2 protein chains.
Amino acid sequence: MEPAPVIDLGSLRRSCAQCSLRQLCLPVGIGADDVDRIDRLVKRRKPVARNERLFHTGSAMNRLYVAREGAFKTVAGNEDGEEQVMGFHLPGELMGLDALGTGQHRCDAIALETAQVCEVPLEDLQRVAAEVPGLQRQLLRVIGFSMGRDQDHLEMMSRRQAGDRVMLFLHSLSQRFEGLGRDGAEFSLPMTREDIGSYLGLVIETVSRSFTKLQDDGLIAVRGRQVRLLSARRLAEAVHGRTN
Amino acid sequence: MEPAPVIDLGSLRRSCAQCSLRQLCLPVGIGADDVDRIDRLVKRRKPVARNERLFHTGSAMNRLYVAREGAFKTVAGNEDGEEQVMGFHLPGELMGLDALGTGQHRCDAIALETAQVCEVPLEDLQRVAAEVPGLQRQLLRVIGFSMGRDQDHLEMMSRRQAGDRVMLFLHSLSQRFEGLGRDGAEFSLPMTREDIGSYLGLVIETVSRSFTKLQDDGLIAVRGRQVRLLSARRLAEAVHGRTN
DNA sequence: CGTCGTGTTGATCCCACTCAAATACGGTGG
DNA sequence: CCACCGTATTTGAGTGGGATCAACACGACG
């Protein structure tokens with residue numbers, strides 16, 4: 001019998017073919033050989049430490065980033081020191097798109113916790129996308145999802161009441177967790193109250209007060225970063241504009 | 001001598017090759033035959049009347065829209081009747097990207113004035129983009145610019161002071177007008193105060209008061225929808241975070 | 001001239017920001 | 001295991017800026 005070829009179990013497990021997020025990145029019904037081709041494009045970094053940056057404002061973009069495990073935030077810095085959280089990025093979600101227009105990043109991407117990330121050189125991706133049917137379409141789709149989250153963000157920001165913003169925020173996070181196959185009703189927030197405040201245009205104290213208010217009203221249960229959504233019905237009502 | 005072929009002067013003038021926005025849509029250094037090929041994809045509607053809708057929330061996306069002349073707004077509707085202006089769209093700017101993810105539009109696109117628009121079937125565009133070098137890249141670029149404007153919007157919304165939001169708004173509009181070769185220091189607003197308020201998360205009265213305040217402070221001159229930016233320096237300072 | 005849509009201005013109220021302080025939490029070293 | 005420290009979070013009291021309610025001005029158009 002031939003000796004079995006040496007297989008790197010680690011890299012196999014981390015391959016696109018085995019990835020739990022496969023459906024988020026790859027077109028449906030793609031052939032195994034095409035998966036393999038895409039897989040060879042992907043560079044997988046060693047774990048990203050908490051507070052480590054994937055890219056910086058002003059730096060040239062040459063790759064797209066996909067969170068694979070752990071969460072990130074993207075932060076745009078006002079020249080006078082104030083920073084604004086532009087988005088949070090869960091596994092399967094793209095980062096770096098902000099530079100598609102100018103070629104230069106306009107925000108920093110920072111790991112909120114120890115994380116894993118896939119990086120894809122944009123040049124290569126475009127070349128392959130022109131050849132692999134469905135990949136181009138899939139790329140546009142994930143870009144579209146990213147824009148959809150930005151629109152959600154905008155809709156949060158357009159709410160006048162702090163409690164409404166926080167509620168929409170929790171609802172949105174819940175949906176995204178569910179999309180990852182996790183529990184959408186109970187989860188742990190990967191970001192600080194400060195991050196949430198910046199993201200929602202509120203100060204940290206207001207975020208904190210909103211959480212306790214929502215808890216007093218019986219909508220959620222909160223202890224530190226652990227959150228449980230209690231009344232999906234009332235939450236959805238509130239999300240859809242009713243201010244009762 | 002052969003009789004000259006019949007030429008439709010109107011459609012020639014409206015062709016991509018002659019379009020003043022050509023550089024915004026097409027890759028640089030593209031060949032004349034490729035321009036022609038793209039040109040044949042584009043459907044040009046008859047003028048869009050004020051308040052007419054290009055597409056509706058919930059409808060399936062099958063094309064991308066480019067404003068060619070005149071301005072549009074995109075509006076997301078809360079189920080309870082409240083509408084939120086998600087963006088304004090000047091000539092050369094894309095509309096319809098909101099549906100890239102799900103395939104269904106999540107806002108309405110409404111003409112703010114009589115307008116012209118180019119429509120490109122997404123299917124066809126993707127097919128040609130896979131073949132014409134640079135077109136795919138250009139598509140990503142204009143999508144990137146669109147996301148950049150959304151980020152600008154978010155940065156406006158993150159300002160606490162109403163005056164700052166309005167100032168950023170005017171600055172952003174000014175930049176976009178300049179990019180079109182128009183006067184960035186004096187222009188006419190295509191949208192109502194109400195639209196601006198919705199866009200910025202302010203009520204109409206606050207928008208109005210902010211305008212008069214900015215005028216009293218000598219930063220702008222306003223009469224109705226006619227706006228002149230007086231101090232580019234102080235405006236830029238204010239934009240970059242200093243709250244003086 | 002009257003009407004409607006749009007924009008401005010005034011008076012008042014309320015919610016989120018600000019300042020301040022107490023408390024809980026996580027990690028580190030003894 | 002516990003004491004300690006820095007960070008994160010919560011809670012309280014007071015203030016200010018934008019929302020709200022209301023009235024009026026302006027221009028386009030029939």
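Computed from a prediction, not measured in an experiment: that's the story for all the values here. Throughout, protein chains are lettered first and strands after them, A, B, ... in sequence-line order, and every chain is numbered starting at 1.
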Student: Let me know the distance between CG of B:Asp164 and C1' of D:dG17, rounded to the nearest Å.
Tutor: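 Result: 13 Å.
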
Student: Rounding to a whole Å, what distance do you find between B:Asp195:CG and C:dG7:P?
Tutor: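 In whole Å, C:dG7 P lies 9 Å from B:Asp195 CG.
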
Student: Looking at B:Asp98 and B:Arg106, would you say the former's side chain and the latter's main chain have a donor-acceptor pair under 3.5 Å?
Tutor: yes

Student: Please say whether the positively charged group of B:Arg182, taken as NZ for Lys or CZ for Arg, lies over the ring of B:Phe187, i.e. under 6.0 angstrom from the six-membered ring centre and within 45 degrees of the axis.
Tutor: no

Student: Other residues, nucleotides and ligands only: do more than 12 of their heavy atoms fall within 6.0 Å of CZ on B:Arg45?
Tutor: yes

Student: Which whole-number value in Å describes the distance from B:Leu200 CG to D:dG18 P?
Tutor: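 Atom-to-atom, B:Leu200 to D:dG18, this comes out as 12 Å.
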
Student: Just how far, in rounded Å, is P of D:dT10 from CD of A:Glu194?
Tutor: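 In whole Å, D:dT10 P and A:Glu194 CD are 13 Å from each other.
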
Student: Starting at the 5' end of nucleotides 15-20 of chain C, put B wherever the base has a protein heavy atom under 4.0 Å, S where only the sugar-phosphate does, and a dash everywhere else.
Tutor: -SSBBB

Student: Would you mind reading off the distance between B:Asn51 atom CG and C:dT6 atom C1', rounded to a whole angstrom?
Tutor: 13 Å

Student: Under a 4.0 Å threshold between the charged nitrogen and the carboxylate oxygen, would A:Glu93 count as salt-bridged to A:Arg176?
Tutor: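 So A:Arg176 pairs with A:Glu93 through a salt bridge.
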
Student: Less than 4.0 angstrom from a charged side-chain N to a carboxylate O is my criterion; do A:Arg160 and A:Asp164 meet it?
Tutor: no

Student: Specify the separation, in whole Å, of atom CD of B:Glu82 and atom C1' of D:dT20.
Tutor: 14 Å

Student: Identify each atom pair where a protein N or O and an N or O of nucleotides 27-30 of chain D are less than 3.5 Å apart, giving names and distance.
Tutor:
none

Student: Going by atom types alone, do A:Thr57 and A:Asp108 pair a side-chain donor with an acceptor below 3.5 Å?
Tutor: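 Indeed, the side chains of A:Thr57 and A:Asp108 share at least one donor-acceptor pair under 3.5 Å.
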
Student: Rounded to whole Å, please give me the gap between CZ in B:Arg225 and C1' in C:dG7.
Tutor: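 Result: 10 Å.
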
Student: Report, one line per pair, each donor and acceptor closer than 3.5 Å where one atom sits in a side chain of residues 61-72 of chain A; sequence neighbours left out.
Tutor:
{"residue": "A:Arg63", "atom": "NH1", "partner": "A:Glu119", "partner atom": "OE1", "Å": "2.1"}

Student: Using a cut-off of 4.0 Å on non-hydrogen atoms, how would the nucleic acid contact of A:Arg50 be classed: base, sugar-phosphate, or nothing?
Tutor: nothing

Student: Quick one: B:Leu214 CG to C:dT8 P, roughly how many Å, whole number?
Tutor: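 Computing the B:Leu214:CG to C:dT8:P distance gives 12 Å.
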
